[in-house]
Amino acid sequence: MDDRSAPDGVAPGPYGRIQTSAGEPGGELAAVLYRAVHQTAHRLHAVAAAVYLLTPDGGELRAAMIGGSPPSVLTLPGRMTLDSPYASARALAFGGPALLADPDPLADPRHDALAYPYTVASVPLEREDRRFGSLTVLRTENGDGYDEADRRRLTRIADRLVALLCGLQDRGVAVVPGTLPVLVPVFGTEPHAVPAAQAVWGVPGVPGSSGMTLLYALQRLTEMLNRATTWEHVVGAAEFCLMAPLGARALALASAAEGRLWVLGHSGDSAALVRELHGTALHSGAPAARALRERALFDSGAPAPFGSGAPAPFGGAPDPSGPGASVLPEPGASGAPGPADADAGPRDAPARDAGPGGDATPAAAYLPLVGSRHVEDLPMAEAAPVVGVCCLSFDGPRVFPPEERAVLTMMAGRLGSAVQRIELSTGRRALVEGMQRRLLPAALADTPRLTTTARYRPAPTAGETGGDWYDVITMPDDRVVLVLGDVEGHTLESAAVMGQLRTAVAAYATEGHGPAAVLERTGRLLPRLGTELLATCCVMAVDTGTGAAEVALAGHPAPLARLPGGTVRRLSAPANVPLGVRVREPYGAREHTLPPGSVLVLYSDGLHERDRDDVRERLDAVGAPADTGLEHLADRLLQDAPASRDDAALLLARYEGTDSGRAPRVAGMHLHRRDLRAVREARGFVRERLDDWGLADLSDDLTLITSELVTNALVHAGSDVDVRLRVTGDRLRLEVRDADTDPPVPAAYSLTEEGSARAEHGRGLYLVDALAHTWNTSPSGRGKTVWLEMDIPGADGGGA
């Protein structure tokens with residue numbers, strides 16, 4: 001055949017003749033299109049060719065058939081509007097050849113770098129009175145440019161195709177595209193194979209093996225990322241499908257936020273990569289930042305795309321202002337700017353040799369994590385956002401052939417979508433949990449004869465919130481009101497109603513109403529809040545002077561009391577109905593008497609199994625009161641709770657008694673975060689209180705501990721700090737509260753400079769561990785409490 005031969009109605013191909021029949025819709029059209037793409041790919045020495053046809057309404061172009069070798073056939077868009085900047089659309093719009101100078105027409109050209117290593121040419125399929133679409137061809141960037149002979153050859157094939165399409169249409173055959181394009185293999189269109197020493201995909205010398213293996217890796221990565229829900233999943237998928245096949249030494253994923261790159265996860269020998277990437281400014285000249293700004297693949301050796309060194313792809317292209325031609329940024333793929341000047345930049349530099357005899361200098365590759373628009377085929381006015389960078393390091397330089405670069409860019413798009421999805425999920429969960437915690441008390445009220453602690457466990461499902469809450473309300477007399485409630489549902493409305501109910505209960509209790517009256521008034525208020533949600537609640541008023549405890553329930557589990565001897569009993573009360581249920585019967589309550597040393601346990605449904613309330617059994621199994629502190633008890637009860645979709649709230653209180661008539665030894669102070677004298681004032685406060693209580697022997701150790709903990713809170717939490725002192729029996733307790741939820745972690749000493757710098761801020765905790773009888777950290781409302789206990793020398797169990 002020569003260039004004058006035309007597509008036939010029935011085409012012989014590598015698989016024999018394409019059979020057509022009257023009963024097969026589009027059979028004749030498919031044969032004509034196959035012959036066209038097969039001939040175009042071979043005559044123009046291309047890796048892919050495609051025929052785009054107008055939809056019946058003439059509103060857009062759709063790919064009817066794409067032929068060639070993988071992965072190039074996947075880089076062509078499936079559809080486009082007639083006014084889009086793709087070459088296939090512009091060729092039809094201008095009525096002449098359109099040549100590709102930029103693989104992504106929707107991105108601003110800023111640098112001489114190509115994300116997809118292909119160049120595109122397109123010619124219209126039209127006659128004076130008929131318009132069918134366009135014929136498009138794809139070449140690798142290191143191939144020859146589209147010269148005048150190429151354009152004439154492509155135009156002749158298109159003219160013959162138009163003649164055949166007119167004939168089909170005259171016979172009543174609908175010349176329209178399908179919903180999705182038909183992909184056909186065209187042997188002999190594969191790019192030149194890389195040397196065997198450098199090949200990592202497929203079998204060297206076997207046509208199509210490299211592309212098929214690449215597509216398998218891409219498909220497997222897509223499946224793994226679809227199931228990914230954490231950063232560990234994403235890094236694991238990238239390690240399996242990207243890092244290991246490429247023979248990379250290390251991998252790191254970084255997201256772009258607040259003008260900098262932040263490492264999300266890493267694998268392999270990645271310490272150097274993490275140090276380089278984490279915190280890098282996006283406007284800097286670092287390779288990772290440049291890859292993100294230019295939306296193109298870069299390596300650490302030169303600011304050029306991999307495989308550079310090929311001649312400019314559009315040598316001999318006509319002036320865009322000339323008649324019948326348009327040199328334009330065009331399609332094929334997404335995600336990167338193209339060359340602003342074919343004669344400038346590192347394209348003219350010699351290609352680097354990554355073979356056995358080449359330079360062994362370590363190199364790194366940077367892939368921008370950006371979505372792939374041509375896969376979505378959705379009209380978008382702006383370029384897809386770049387959410388981060390994937391960095392791979394190698395032991396030496398490496399050449400990336402065109403088909404490998406194309407798939408790597410598609411993989412980066414999949415990774416970018418996964419990173420964006422998990423970041424959105426993580427942000428939503430943080431927002432939901434933050435809102436939930438903001439509706440809980442910032443800190444529990446400090447009461448002289450009633451020690452309290454609380455825990456809250458959010459719902460395990462990302463994005464869900466709950467309506468559980470707790471509160472401790474002090475009264476002007478010796479009474480303390482303990483509250484624990486649960487609004488039904490796991491929605492933002494549940495959390496909003498919870499905040500309103502907590503405010504209402506606190507207001508009614510502060511007015512002096514008893515537990516039953518508080519619930520009755522709150523129950524009448526709930527329907528007026530414009531919600532149909534119900535809520536359960538337990539309100540318990542404890543007289544710390546006498547030990548009398550009045551309990552009222554609104555469909556909630558009754559609280560438990562563990563007595564000093566270890567016996568656990570339920571503080572029963574009338575069950576009543578949940579809040580929000582309209583009834584005429586008043587709420588009832590019941591009074592109990594608590595001996596000193598009793599531990600009260602209020603909890604929500606998320607803390608026990610649905611079929612049975614097993615909190616009492618777990619409380620029995622924890623141990624004797626003398627062996628278990630209140631904080632440890634709360635941690636154990638929450639840790640041993642069964643897995644549940646519900647959130648859970650827990651409130652513990654230990655009734656200390658009147659301490660043989662001695663005035664309660666409880667004191668506290670508040671420190672502002674910007675107070676430069678705060679640490680000195682905290683030391684003075686502790687020293688004065690201990691002197692007043694006759695515990696001056698503990699003053700030196702406790703002031704040193706206080707200095708360390710307060711300094712740590714002011715430096716790392718960046719919030720106001722509360723300091724509390726309490727004497728209970730033979731123990732002295734110190735609490736330091738701040739607004740940071742991250743617990744302090746002791747850091748081991750290191751002989752290296754880097755390790756010593758990391759350990760600098762954790763050494764004070766070793767002093768705490770050495771001087772205190774016991775210490776730990778626990779959540780405290782919206783932050784945490786670091787607490788410790790010290791033995792009082794010479795004190796018995798009855799007090800000091």
Side-chain angles (χ1 to χ4, degrees), residues 1-44 46-70 72-80 82 88-89 91-92 122-127 129-138 153-189 208 212 215 377:
M1 291 181 218
D2 58 27
D3 291 339
R4 291 186 296 272
S5 61
D8 298 325
V10 180
Y15 302 106
R17 298 176 66 84
I18 296 180
Q19 300 298 324
T20 63
S21 66
E24 179 184 355
E28 291 184 273
L29 176 62
V32 170
L33 298 184
Y34 171 74
R35 180 68 175 184
V37 298
H38 184 275
Q39 193 177 77
T40 303
H42 281 285
R43 298 286 169 76
L44 276 82
V47 292
V51 175
Y52 285 86
L53 296 178
L54 286 167
T55 53
D57 62 0
E60 68 177 10
L61 282 171
R62 289 189 181 180
M65 183 172 291
I66 302 175
S69 61
S72 60
V73 292
L74 300 183
T75 63
L76 286 162
R79 64 181 184 178
M80 63 189 69
L82 299 184
S88 301
L92 189 61
S122 185
V123 293
L125 299 174
E126 62 180 355
R127 278 190 176 178
D129 56 342
R130 302 190 192 185
R131 303 175 77 223
F132 295 104
S134 56
L135 177 64
T136 301
V137 64
L138 214 67
R153 188 176 294 114
L154 185 61
T155 301
R156 281 197 295 268
I157 297 175
D159 290 341
R160 294 297 301 162
L161 177 58
V162 169
L164 289 173
L165 294 178
C166 289
L168 291 176
Q169 196 175 62
D170 292 339
R171 297 203 309 271
V173 176
V175 182
V176 294
T179 304
L180 292 175
V182 176
L183 268 66
V184 294
V186 178
F187 290 122
T189 60
M212 294 299 294
L215 293 186
D377 289 321

Residue pairs passing the salt bridge (Lys or Arg N to Asp or Glu O under 4.0 Å) test with at least one member in residues 178-187, sequence neighbours excluded, are none
Residues passing the side-chain hydrogen bond (donor to acceptor under 3.5 Å, both in side chains) test with T155, sequence neighbours excluded, are none
Validation row: L135, L154 side chains within 4.5 angstrom (heavy atoms):
yes
Review point. Do the side chains of I66 and V37 get nearer than 4.5 Å, heavy atoms only?
Key: no
Any donor and acceptor pair, going by atom type alone, linking the side chain of H42 with main-chain N or O of F187 inside 3.5 Å?
yes
Fill in: Validation row: L54, L92 side chains within 4.5 angstrom (heavy atoms)
yes
Here the salt bridge (Lys or Arg N to Asp or Glu O under 4.0 Å) pairs for residues 177-188, sequence neighbours left out, are none
V47 meets the side-chain contact (heavy atoms from CB on, under 4.5 Å) criterion, sequence neighbours left out, with S69, S72, Y118, L138, T140, P191
So CZ of R131 and CG of L165: to nearest 0.5 Å the spacing works out to 14.5 Å
Hey, are the side chains of F132 and C166 touching, using non-hydrogen atoms and a 4.5 Å cut-off? yes
Is there side-chain contact between V176 and L29, with at least one heavy-atom pair below 4.5 Å? no
Using a 4.5 Å cut-off on heavy atoms from C-beta on, say whether the side chain of L61 contacts that of R79.
no
Closest non-hydrogen atoms of V51 and A36, given as atom of the first, atom of the second and distance, are CG2-CB, 4.5 Å
Hits for side-chain contact (heavy atoms from CB on, under 4.5 Å) against P177, two or more places apart or cross-chain, chain-then-number order -> L53, T55, R62, A64
Closest heavy-atom pair, A89 versus M80, reported as atoms and distance to 0.1 Å, is N-SD, 3.6 Å
Here the pair of heavy atoms bringing V137 nearest to A46 is CG2-CB, 3.2 Å
Heavy atoms of A41 and A49 approach each other most closely as N-CB, 4.1 Å
Residues at least two apart in sequence or cross-chain that pass salt bridge (Lys or Arg N to Asp or Glu O under 4.0 Å) with D170, listed by chain then number, are R130
Check: S134 side chain, P124 main-chain N or O, donor-acceptor pair, under 3.5 Å:
no
Would you call Y52 and P77 a side-chain contact if the rule is heavy atoms closer than 4.5 Å? yes
In terms of heavy-atom contacts, G58 and L82 come closest through O-CD1, 3.2 Å
Rounded to the nearest 0.5 Å, the CD atom of Q39 sits from the CD1 atom of I157 at a distance of 4.5 Å
Output for pair (L164 CG, R35 CZ), nearest 0.5 Å, gives 10.5 Å
Residues L33 and M65: closest non-hydrogen pair is C-SD, 3.6 Å
Worksheet item: So do L44 and R153 actually touch side chain to side chain, heavy atoms under 4.5 Å?
Response: yes
